[in-house]
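Note that ligands are numbered from 1 as they come in the structure, with each ligand's atoms numbered from 1 the same way. Start at 1 with the first residue, then count along the sequence.
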Amino acid sequence: MSPTNTPVPVLAFASASTYYCARKSDLPVWPSAPLVMITIIGAYWVIWRSWLFPTYFSELRHVPTVQGFPLWGQLIPIIFEECGLPQRRWHRQHGPIIRYFFPLGCERLSVADDMAIRHLTVKDPYNFPKPLRAKLWMVRILGEGVLLAEDVEHARQRKTLNPGFSISAIRTFTPIFWQKALLMADLQRGEMEEAGKSSISFEVLEWLNRCTLDIIGQAGFGYDIGSLEDATLPIRHAYRLVFNFDLSSRVLHGLQAFFPKSKHIPAQMNRDMEEARRIIQNEATTIINEKLEEAEQATNAKDVLALIAQENLKYKDKGEPGLSFETMRDQIMTFLAAGHDTTATGTAWTIHLLSIHPEMQDRLREEIRRYMPFLFDPTWTYDRSMILTDPDRLPYLDNVCRESLRYIPPIPMTVRESVADDVIEGYKVPAKTVLYMLANAINRMEWFWGDDADVFDPDRWDNLPKTVVPNSFMTFLQGPRGCLGRKFAEVEMKVLLCVLLSRWKFERDYTTEDPEDWKMWRLVLRPKEGITVVATPVEKSMFY
Ligand code: HEM
């Protein structure tokens, strides 16, 4: 029985009592009848949603449940705490599969169990697509590319794009990572010299966002966005608008998850999102106009645009119409967003963690010096043929990156909704159940990571407990819907850290708020005011 349907016996009871009351008390049937009826149905609905349904009728009633009143559910901690933090606590109290409530008694499941995660991500991923409501919110900025496609269409797009993310393809992109990272470091140095100081305080997330945006532009589409050289470009402005964290924006974003139509309310946040969407769409259109022809000629190229162009030609060769302009544009929008903010946020959080763990920072810098001494030589210029610039050779760097991505996952959660009835780890899960996999909870569960799950410790990766399985680390999700750009992001992040740490020693800027105090979720988990660090040159000679 659906909780939203008022059962026929209740309607019959309400009508009969309405009629009886009106007759008994000599009241006119209008307007007393409708009032009595509404009162009875309302009372019944409240009792049904808050008690009868969740306790006695719901097919999910056997799932361990977080205490609270289902009518308003656990909305307050979910809204006011960091994304994933309440669920981390509830999983610790109630186990790896839990039920909690959104307002009006809407049930939600959160899974942090290896087999259950495997079920959702590998065994039956297409029975658990992203809910329409979540998509409607994301589509404005991401376009309808591979991230939001489902089922056969998703499998087709993924197959087209896969070659662009193979190890050999990433190797061809690595020189771009180095060139842009070195350009960023040079520009930072210029800023310090201009200020005439011996150290500088800068917001590292903004720098990294510009750098990774330029990287995805060049590596993904052979297009020079140039946001490192010009911080005021409209495209950067657009992404800044998306991350506006003032109170009214947060409330409206929350509202849109429930009422998508609220995007038409003439509020500042809706105007900002529309402006951002327009700018990002324009940028994607420019990329197609300027680069598609070139990409069509580059038959051996593996960047995203070349792969889309080749697919387009394949259709045309078969006499079919080919991909629509909107399909290509939306795919570019997807990669522009998914391919830059995530890595920038992950790298910025790593810089923050290293700034509050100076001994780890020193150790990492010494490793970089040992493997890549040329980075500390002011006369060195990048040479793309240098095998020594492979950042995967540095074991401690690998540990630091993994641990930072475990400890603060840039995408803290993913949401799914079942299409058909299913059984997950013995629990019957009816169609239309909304389920969460929260990396920000799963990555910290003691049953995977041990008692020190909440400690930031890169060395753990040298000696993982046997309980750690692939699904204990959900930063990139898993399975056919897992992050397509995982290897791309991992190498990019390492290159960025090699360059930044060989140039700068980072300390936390205690004149600013602790970024860990207020992490906000909007596509990624980012600090409200960015991450400001005090940077001092490692080698004076690097700065002339
Ligand atoms: C540290 C950086 C990154 C993290 C933590 C990350 C994380 C994720 C996660 C969790 C998902 C699954 C989202 C969901 O389905 O709910 C995802 C999907 C995706 N990511 Fe990443 N990502 C990162 C970097 C990148 C980069 C650099 C690219 C592209 C160059 C990229 C491209 C994609 C794409 C295309 C998908 C959609 C995959 C699909 O649905 O088949 N990501 N990413």
Side-chain angles (χ1 to χ4, degrees), residues 83-84 117 120-122 125-126 128-131 134-135 137-138 142-151 153-162 164-166 169-170 173 176-177 180 208-209 211-221 302-305 307-308 330-350 401-402 404-417 435-440 442-443 471 473-497 521 523-526:
C83 176
I117 296 171
L120 294 180
T121 57
V122 179
Y126 294 122
F128 297 95
K130 294 186 179 77
K135 277 193 202 178
W137 185 85
M138 289 194 273
L142 290 168
E144 284 197 70
V146 63
L147 186 72
L148 299 182
E150 295 295 348
D151 221 320
E153 177 56 20
H154 172 260
R156 189 191 62 75
Q157 292 193 19
R158 186 98 188 191
K159 195 169 159 216
T160 304
L161 294 163
N162 264 339
F165 295 91
S166 63
I170 307 292
F173 301 143
I176 299 169
F177 302 164
K180 294 293 178 192
L208 284 163
N209 263 314
C211 188
T212 52
L213 184 61
D214 287 1
I215 288 177
I216 191 65
Q218 196 71 58
F221 323 114
K302 290 272 193 299
D303 65 61
V304 172
L305 191 63
L307 294 168
I308 302 173
D330 280 20
Q331 202 68 281
I332 292 172
M333 286 172 75
T334 295
F335 280 91
L336 278 175
H340 93 278
D341 215 14
T342 44
T343 319
T345 310
T347 313
W349 280 122
T350 313
C401 290
R402 281 172 198 250
S404 161
L405 290 170
R406 177 192 77 88
Y407 195 71
I408 308 181
I411 298 191
M413 69 128 180
T414 185
V415 57
R416 298 291 189 258
E417 185 171 342
L435 302 100
Y436 288 90
M437 287 174 280
L438 288 125
N440 206 16
I442 298 167
N443 288 7
N471 290 333
F473 181 74
M474 287 299 283
T475 301
F476 293 99
L477 205 66
Q478 300 285 349
R481 297 294 328 220
C483 178
L484 182 58
R486 178 172 179 168
K487 190 66 200 163
F488 184 112
E490 286 170 344
V491 176
E492 183 184 16
M493 193 170 161
K494 286 179 183 176
V495 170
L496 290 167
L497 287 170
W521 176 69
L523 295 177
V524 292
L525 192 59
R526 52 164 40 223

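- Nearest to atom 37 (C) of ligand 1 among the protein's heavy atoms is L147 CD1, 3.2 Å.
- A heavy-atom separation below 4.0 Å is not found between H340 and ligand 1.
- When each of R156, K130, K135 is checked for a salt bridge (Lys or Arg N to Asp or Glu O under 4.0 Å) with E150, only K135 meets the rule.
- Remark: ligand 1 atoms within the under-4.0 Å shell around heavy atoms of P480 are 41 (O).
- Counting the atoms of ligand 1 from 1 in the order shown, those under 4.0 Å from a heavy atom of A489 are 2 (C), 24 (C), 27 (C).
- For ligand 1, none of its N or O atoms has an N or O atom of T475 under 3.5 Å away.
- Among all non-hydrogen protein atoms, the one lying nearest atom 22 (N) of ligand 1 is C483 SG, 3.0 Å.
- Those atoms of ligand 1 that come under 4.0 Å of a heavy atom in T414, given as number and element, are 14 (C), 15 (O), 16 (O).
- Side-chain atoms of R416 and T414 form a donor-acceptor pair, as typed in the model, at a separation below 3.5 Å.
- Below 4.0 Å from some heavy atom of L477 lie the following atoms of ligand 1, by number and element: 10 (C), 12 (C), 15 (O).
- Of all the atoms in ligand 1, the ones that sit under 4.0 Å from a non-hydrogen atom of F335 are 29 (C), 35 (C).
- Among protein heavy atoms, the minimum distance from atom 24 (C) of ligand 1 is reached at T342 OG1, 3.2 Å.
- Listed for the D303 side chain is a donor-acceptor partner under 3.5 Å among the backbone atoms of L305.
- Rounded to the nearest 0.5 Å, atoms CD (Q157) and CG (N162) are 12.0 Å apart.
- Ring centroid separation for the pair F177 and F488 comes in under the 6.0 Å cut-off.
- Listed by atom number, the atoms of ligand 1 under 4.0 Å from K130 heavy atoms are 14 (C), 15 (O), 16 (O).
- The existence of a salt bridge linking K494 and E490 is excluded, since no basic side-chain nitrogen approaches an acidic carboxylate oxygen closer than 4.0 Å.
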